[in-house]
Amino acid sequence: GFDSEKGRRGALIVVEGLDRAGKSSQCEQLLHNLQTLGHQVRYIRFPDRNTPIGKLIDGYLRGQSHLDDHSIHLLFSANRWEVAPAIQELIANGVTVIVDRYSYSGAVYSAAKRNPNLSIQWAWQPEVGLPRPDLCLFLSISPIEAAKRGGFGLERYETDTMQKRVRDLFQSLLELPHNDEICVIDAGRQFNEVAQDILEPVLECMKNVDSIGPLRR
Ligand code: DGP
Ligand code: NA
Ligand code: NA
C-alpha cells in the first residue's frame, strides 16, 4: 500500500441498489481498481449464503422454505452480525472493505412486504450497532432501463410489484436528512462511466476516514 496509508484504518464502503442495477459487477470492478492503485481491499456480499444462517436464507430466497416475515428478517440481520467482527478487524488493520448490500437492503426489502406488524422502523432496529459505513453508494436505475436488462430470475423478490415497492422505499430512505453519507450513482449508463463515478467518491472517502462508529437509529 501507500506510505501515507500506514497506521490508517480501512474504509467501509457499501454498495446498494435494486436487483439488476449492476451492483456485483461494479463491486468487482471497484475491487480491481483499488487493488491496481495499491490499496489493501476485500469484497464481501450479503447475504453471505455460505454460513449456516446463510443457507437458511438461500433456501428461503429460492422458495424452498417458508418463514415468518420477522423470522427471515432477523436471519438476514444475524447474517450481517456474524460477519461484523471480521469487518471490524479488517478495517482496523487498514483494509478497505467493499460490501455488496447491507442494512439498507435489510430494512427496505422486509418493509416492502407490507406486513402491518413489520414497519421500516421495526426493520431498522436489529441493524443498530453494526459497523457504520463510511460511504454508501446507491446504484440507481430506472424501471425502463432495468426492464432492458432482461427478465428477472426465479428468486422470491424478483417481481415487478416487489421491485417497485423496494424502489419507493429506497427513495424515502435517501431523502432522510441525516443520510448524507449516501451517494446516488446513475447506473443506467455505460459500465465504465459508472465505474469511474464510483471510484472518485470512494478514493475521496478513503482519504478522510476517521474512527468507525456504530450504525445509529
Ligand atoms: P443478491 O444476492 O444481492 O441478489 O440478494 C438476494 C436477494 O435478497 C435480493 O432480492 C435482495 C434481498 N436481500 C438482501 N439483503 C436482504 C435483507 O437483509 N433482508 C431482506 N428481506 N432481503 C434482502
Ligand atoms: Na438478486
Ligand atoms: Na447482486
Side-chain angles (χ1 to χ4, degrees), residues 12-31 42-84 87 97-133 136-141 143 146-147 149-173 182 185 187 198 215:
L12 181 55
I13 309 292
V14 165
V15 179
E16 285 279 12
L18 294 170
D19 293 272
R20 296 188 296 182
K23 283 181 306 304
S24 301
S25 323
Q26 288 294 347
C27 283
E28 305 265 11
Q29 186 64 43
L30 177 61
L31 174 72
R42 291 279 197 296
Y43 167 41
I44 63 174
R45 53 183 304 170
F46 290 113
D48 175 353
R49 302 187 192 216
N50 299 311
T51 71
I53 291 169
K55 291 196 169 95
L56 293 173
I57 294 170
D58 184 60
Y60 173 83
L61 286 171
R62 291 158 175 271
Q64 291 165 353
S65 63
H66 295 278
L67 291 166
D68 170 76
D69 292 341
H70 303 80
S71 180
I72 183 62
H73 179 76
L74 293 170
L75 289 175
F76 272 108
S77 185
N79 188 232
R80 284 183 280 278
W81 278 102
E82 63 184 346
V83 181
I87 294 176
V97 181
I98 302 165
V99 181
D100 188 340
R101 291 195 189 276
Y102 200 56
S103 305
Y104 298 104
S105 281
V108 160
Y109 278 81
S110 287
K113 294 171 182 178
R114 299 201 178 154
N115 180 322
N117 296 315
L118 205 173
S119 65
I120 196 157
Q121 290 79 15
W122 190 95
W124 187 257
Q125 292 312 303
E127 306 301 311
V128 172
L130 283 171
R132 178 153 46 92
C136 174
L137 298 152
F138 179 78
L139 271 50
S140 175
I141 183 173
R149 293 187 176 184
F152 290 118
L154 296 170
E155 289 204 331
R156 190 178 287 266
Y157 300 145
E158 297 181 338
T159 65
D160 284 328
T161 310
M162 189 65 185
Q163 296 289 320
K164 182 179 182 309
R165 291 179 187 174
V166 165
R167 154 179 300 281
D168 292 347
L169 284 164
F170 266 133
Q171 193 56 46
S172 63
L173 276 187
I182 300 183
I185 305 282
I198 288 174
L215 271 180

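For ligands, and for the atoms within them, numbers begin at 1 and follow the listed sequence. Residue indices begin at 1 and follow the sequence shown.
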What heavy-atom pair brings N115 and D69 nearest, and what distance separates the two atoms? ND2-OD2, 3.0 Å
For ligand 1, which atoms sit closer than 4.0 Å to a heavy atom of R49? 2 (O), 6 (C)
Looking at OG of S24 and CD of Q29, how far apart are the two atoms once the value is rounded to the nearest 0.5 Å? 13.5 Å
Name the option, out of L75, L61, D58, that contains the heavy atom nearest to atom 8 (O) of ligand 1. L61
Just distances here: any N/O of Y157 and N/O of ligand 1 closer than 3.5 Å? yes
Examine K23 against ligand 1 and note whether any of their N/O atoms are separated by less than 3.5 Å. no
side-chain contact (heavy atoms from CB on, under 4.5 Å) test vs Y109 passes for just one of R165, R101, H73, namely R101
Should one rank R80, R20, R101 by closest heavy-atom distance to atom 18 (O) of ligand 1, which comes out on top? R80
Within a distance under 4.0 Å of any heavy atom of G106, pick out the atoms of ligand 1 and give their elements. 17 (C), 18 (O), 19 (N)
From atom 10 (O) of ligand 1, work out which of I72, D100, D19 has a heavy atom at the shortest distance. D19
Under the side-chain contact (heavy atoms from CB on, under 4.5 Å) rule, what do F170 and S105 come out as? Steps first, then yes or no, please. CA-CA 8 Å; F170 266 133; S105 281; 3.9 Å; yes
If you count the atoms of ligand 1 from 1 in the order shown, which ones are under 4.0 Å from a heavy atom of S110? 21 (N)
Any non-hydrogen side-chain atom of Y60 less than 4.5 Å from a side-chain atom of L75? no
Qualifying residues under salt bridge (Lys or Arg N to Asp or Glu O under 4.0 Å), relative to K164, sequence neighbours excluded: D168
Taking only non-hydrogen atoms of R45 and a 4.0 Å limit, the atoms of ligand 1 in range are 1 (P), 2 (O), 3 (O)
Under 3.5 Å: donor-acceptor pair, side chain of E127, backbone of S77: no
